[in-house]
Amino acid sequence: AKVRGKNQYQFYTEDLMQAARRRMRLENGLRAALVQNDFDLVFQPIVDLKTGLVQGAEALLRLELDNGEAVSPDEFIPIAEQTGLISEISKWMCEKVFRTLSDWSRQGISVPDITINLSGRDIQGDFASVHLAALARQHGVNPDNVTLELTEGVLMDNQSAALETLSDLRKLGFGIAIDDFGSGFSSLAYMRMYPITTIKIDRSFLQNMDKDAADIIILQAIIDLSNRLGLRVICEGVETPEQATRLAEYGCSYGQGFYYHRPMHPTDFISLITAQNKN
Ligand code: C2E
Ligand code: CA
Ligand code: CA
Ligand code: CA
């Protein structure tokens, strides 16, 4: 950065210090949440676009700081990745989800399809294939009900390690989803390279649907291609009834977004499912 005199320089260091303090606060918050088992798990329903019925959900992590501030995972996941805390957090999340699923089946609730976000580090070591398999066994969870979401960026790095882990996971029965599909590069190659079962189309496509004709063509092509390859297609960020209708017209099977449901606590999610099954 250009240095324009002493005052500007001071502003700059103050910003840096503030950012560093924020980081430290979040890092401490993450460590505390791990020690105190104090993260929250929420579910955002995934809906059948034809019927509007809930078909599954994405598990999302929530962190609340000791002053009550709710921090978005968009802010704390990168810090968890940089500090290496992410491995512990992923373990926490998977264990929490599996425990919840086994509670549900013990209550006689038929378990909907659940997706869990994993980070790059999770599929580079043996965490995924060794730990996840053991956890599923321990909680009596059928991996067929669980899909693991990975972003394109993660699939781009360290491809041979990723391929080995994902193949192992797929053999165990877990589904594999490409998250934020279409927001990065080389997406089409990944559809073939890895044992993918689900495509989650990035919500930027819906945001541009009214403005950008090219985006609509690409969106339709992605849906068409995924359908032909026999992949499950979920479009993210559905916020209006118009978007839902158009997606269904394009042949997209599933949607997720604020128009249908916001992320909710597990008990609310189960009420929703049970009410739906009664009808
Ligand atoms: P993501 O995987 O793309 O998750 C979807 C995000 O979009 C969620 O934000 C969700 O609340 C938000 N969203 C859902 N519907 C709509 C909509 O209609 N409009 C808009 N504008 N947004 C919508 P959230 O929960 O804040 O998560 C942000 C990101 O944090 C996630 O993006 C994911 O990359 C990451 N994340 C969340 N939980 C975990 C986790 O357990 N592990 C890892 N590694 N990452 C996680
Ligand atoms: Ca996701
Ligand atoms: Ca996504
Ligand atoms: Ca995202």
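When a ligand or atom number is given, it counts from 1 through the structure's own listing order. This chain uses plain numbering: 1 for the first residue, then up along the sequence.
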Which of the atoms of ligand 1 are close to [X], meaning less than 4.0 Å from one of its heavy atoms?
{"X": "S119", "result": "44 (N)"}
{"X": "P73", "result": "24 (P), 25 (O), 26 (O), 27 (O), 28 (C), 30 (O), 36 (N), 37 (C)"}
{"X": "D180", "result": "3 (O)"}
{"X": "D179", "result": "2 (O)"}
{"X": "Q44", "result": "10 (C), 14 (C), 15 (N)"}
{"X": "S72", "result": "26 (O)"}

The Ca ion (ligand 2) - name of the N/O/S atom of E58 that sits closest to it |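 Atom name of the closest N, O or S in E58: OE2.
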Determine which of the N, O or S atoms in D179 is closest to the Ca ion (ligand 2) and give its atom name.
->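 For D179, the N/O/S atom sitting closest to the Ca ion (ligand 2) is OD2.
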For the Ca ion (ligand 3), decide whether D180 has an N, O or S atom at a distance under 3.0 Å.
->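 Under 3.0 Å: D180 contacts the Ca ion (ligand 3) through an N, O or S atom.
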Distance-only donor-acceptor hits, side chain of residues 52-60, under 3.5 Å, sequence neighbours excluded:
unit_1 : atom_1 : unit_2 : atom_2 : d
Q55    : OE1    : R232   : NH2    : 3.1
Q55    : NE2    : D113   : OD2    : 3.0
E58    : OE1    : K200   : NZ     : 2.9
E58    : OE1    : Q256   : NE2    : 2.8
E58    : OE2    : N117   : ND2    : 2.8

For atom 5 (C) of ligand 1, state which one of E81, M93, E58, R62 supplies the nearest heavy atom.
->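 Minimum heavy-atom distance to atom 5 (C) of ligand 1 goes to E58.
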Counting heavy atoms only, name the option from E236, Q256, E239 that's nearest to atom 19 (N) of ligand 1.
->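 Checking each option, the heavy atom nearest atom 19 (N) of ligand 1 is found in E239.
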Hey, can you pull the donor-acceptor pairs under 3.5 Å for the side chains in residues 26-37, sequence neighbours left out?
unit_1 : atom_1 : unit_2 : atom_2 : d
E27    : OE2    : R31    : NH2    : 2.8
N28    : ND2    : M24    : O      : 3.3
N37    : OD1    : W92    : NE1    : 2.5

With heavy atoms only and a cut-off of under 4.0 Å, state how L61 meets ligand 1: side chain, backbone, both or neither.
->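 The answer is both, backbone and side chain.
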R203 contact mode with ligand 1 (heavy-atom cut-off under 4.0 Å) |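 Looking at R203 and ligand 1, just side chain atoms fall under 4.0 Å.
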Between [Y] and [X], is there a side-chain heavy-atom distance shorter than 4.5 Å?
{"X": "T197", "Y": "R170", "value": "yes"}
{"X": "H131", "Y": "D126", "value": "no"}
{"X": "F98", "Y": "I116", "value": "yes"}
{"X": "L225", "Y": "M191", "value": "yes"}

Are the charged groups of [X] and [Y] less than 4.0 angstrom apart, N to O?
{"X": "E88", "Y": "R121", "value": "no"}
{"X": "R203", "Y": "E239", "value": "no"}
{"X": "D103", "Y": "R99", "value": "no"}

Would you confirm whether N227, through its side chain, and G251, through its main-chain N or O, come within 3.5 Å as a donor-acceptor pair?
->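 It does hold such a pair.
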How about E149: does one of its N, O or S atoms come closer than 3.0 Å to the Ca ion (ligand 2)?
->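 Checking the Ca ion (ligand 2) against E149, an N, O or S atom does fall under 3.0 Å.
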Tell me whether T115 has at least one N, O or S atom under 3.0 Å from the Ca ion (ligand 2).
->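 It does not: T115 brings no N, O or S atom closer than 3.0 Å to the Ca ion (ligand 2).
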Heteroatom proximity flag, F258 to ligand 1, N/O under 3.5 Å |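 F258 vs ligand 1: N/O contact under 3.5 Å present.
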